[in-house]
Amino acid sequence: QARPVESGGGSVQAGGSLRLSCRASGYDYRTFCMAWFSQAPGKGREVIATINRDGTTRYADSVKGRFTVSKDNAENTLYLQMDALKPDDTAIYYCAAPWDLMIGRCHGRGDADYGFWGQGTQVTVSS
């Protein structure tokens, strides 16, 4: 399968919005769960949002109420709508799918469980 490709990052002022996309050919997004990770400067990668095969979602406390993860199975595209952005959201954002593309539940999994990663997209939020 081709590597997922993220898009939609950029620079925005605090309080603004961005929508990230993650698309890949050769996948069937209906069969597995997916996640969004962020990596801030000088920090490790952390999961911020997951979406299970059944569409249920979970968020890190730092983004809950501001970010929304969704998936368009027909377009093989994962989205992250980012609203009310803060300077602390400045990071590289990655989409990821599990090593086993039949895994339907991503909630609670760490980054070692993911084998398919996008190249990352930079989000910069200025105050």
Side-chain angles (χ1 to χ4, degrees):
Q1 292 102 339
R3 186 177 192 178
V5 177
E6 298 103 339
S7 62
S11 297
V12 64
Q13 289 191 322
S17 297
L18 287 171
R19 188 174 81 154
L20 307 184
S21 300
C22 169
R23 187 168 185 176
S25 59
Y27 293 82
D28 184 349
Y29 276 32
R30 296 170 299 175
T31 66
F32 51 89
C33 59
M34 296 192 73
W36 284 100
F37 285 77
S38 69
Q39 186 166 20
K43 296 186 178 180
R45 197 162 48 187
E46 61 174 359
V47 60
I48 58 167
T50 55
I51 182 165
N52 286 343
R53 180 168 55 207
D54 65 1
T56 56
T57 58
R58 183 175 290 182
Y59 301 91
D61 289 343
S62 59
V63 306
K64 199 173 295 182
R66 300 187 299 120
F67 290 10
T68 303
V69 59
S70 62
K71 191 161 56 116
D72 185 333
N73 291 331
E75 295 294 327
N76 270 3
T77 303
L78 177 73
Y79 297 101
L80 184 68
Q81 178 66 40
M82 311 167 71
D83 297 319
L85 282 160
K86 305 175 182 179
D88 284 349
D89 296 320
T90 295
I92 300 173
Y93 286 77
Y94 300 90
C95 64
W99 287 106
D100 182 349
L101 294 178
M102 294 304 295
I103 289 177
R105 182 176 177 82
C106 281
H107 298 344
R109 296 184 182 274
D111 59 358
D113 292 319
Y114 295 85
F116 297 92
W117 294 85
Q119 83 289 354
T121 186
Q122 176 71 46
V123 171
T124 303
V125 184
S126 58
S127 57

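These numbers come from the heavy atoms of this one structure, side chains and all, not from hydrogens, waters or symmetry mates.
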Which distance, rounded to the nearest 0.5 Å, do you find between the [atom1] of [X] and the [atom2] of [Y]?
| X | Y | atom1 | atom2 | result |
| --- | --- | --- | --- | --- |
| F67 | L20 | CZ | CG | 8.0 Å |
| D28 | L101 | CG | CG | 9.5 Å |
| E75 | S21 | CD | OG | 10.5 Å |
| L80 | M34 | CG | CE | 11.5 Å |
| S25 | R3 | OG | CZ | 13.5 Å |
| Y93 | S38 | OH | OG | 5.0 Å |

Using modelled atom types only, decide if a donor and an acceptor are shared between the side chain of [X] and the backbone of [Y] within a distance under 3.5 Å.
| X | Y | answer |
| --- | --- | --- |
| Y59 | V69 | yes |
| E6 | Q119 | yes |
| T124 | S11 | no |
| N52 | D54 | no |
| N76 | Y27 | yes |

Side chain proximity check, V125 to Q13, heavy atoms < 4.5 angstrom: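 Counting from C-beta outward, V125 and Q13 never come under 4.5 Å.
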Measuring only between side-chain heavy atoms, which start at C-beta, is T90 closer than 4.5 Å to V123?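 No, every pair of side-chain atoms sits at 4.5 Å or beyond.
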Least distance between heavy atoms, [X] atom then [Y] atom:
| X | Y | answer |
| --- | --- | --- |
| L78 | C95 | CD2-CB, 3.9 Å |
| A24 | Y29 | N-OH, 3.5 Å |
| W99 | A112 | NE1-O, 3.1 Å |
| S126 | P87 | C-CG, 4.4 Å |
| I92 | Q122 | CG1-OE1, 3.2 Å |

Any Lys/Arg nitrogen of D89 or R66 sitting under 4.0 Å from an Asp/Glu carboxylate oxygen of the other?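 Salt bridge present between D89 and R66.
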salt_bridge(K86, D88) N-O dist < 4.0 Å: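 Answer for the salt bridge query: no.
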Check whether Y94 forms a cation-pi arrangement with R45 (NZ or CZ under 6.0 Å from the six-membered ring centre, at most 45° off the ring normal).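 Yes, cation above the ring, under 6.0 Å and within 45°.
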Taking the six-membered ring of F32 as reference, does the cationic atom of R53 (NZ for Lys, CZ for Arg) lie under 6.0 Å from its centre and within 45° of its axis?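 The answer is no; the distance or angle limit is not met.
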Parallel, tilted or perpendicular, judged at 30° and 60°: which one describes the rings of W117 and F37? tilted
Could you go through R23 and T77, starting from their C-alpha distance and side-chain angles, then the distance that decides it, and tell me whether this counts as side-chain contact (heavy atoms from CB on, under 4.5 Å)? CA-CA 4 Å; R23 187 168 185 176; T77 303; 3.5 Å; yes
Picking from I51, V47, T50, I48, what satisfies side-chain contact (heavy atoms from CB on, under 4.5 Å) with W36? I48
Strictly by modelled atom types, are D83 and S17 linked by a side-chain donor-acceptor pair under 3.5 Å? yes
Would you say M82 and V12 are hydrophobically clustered, going by side-chain heavy atoms of ILVMFWY under 4.5 Å?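 Yes, M82 and V12 fall within the same hydrophobic cluster.
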Let's go through Y79 and K71 carefully: what are the C-alpha distance in whole Å and the side-chain angles of both, what is the deciding distance for side-chain contact (heavy atoms from CB on, under 4.5 Å) to 0.1 Å, and is it a yes or a no? CA-CA 6 Å; Y79 297 101; K71 191 161 56 116; over 6 Å; no
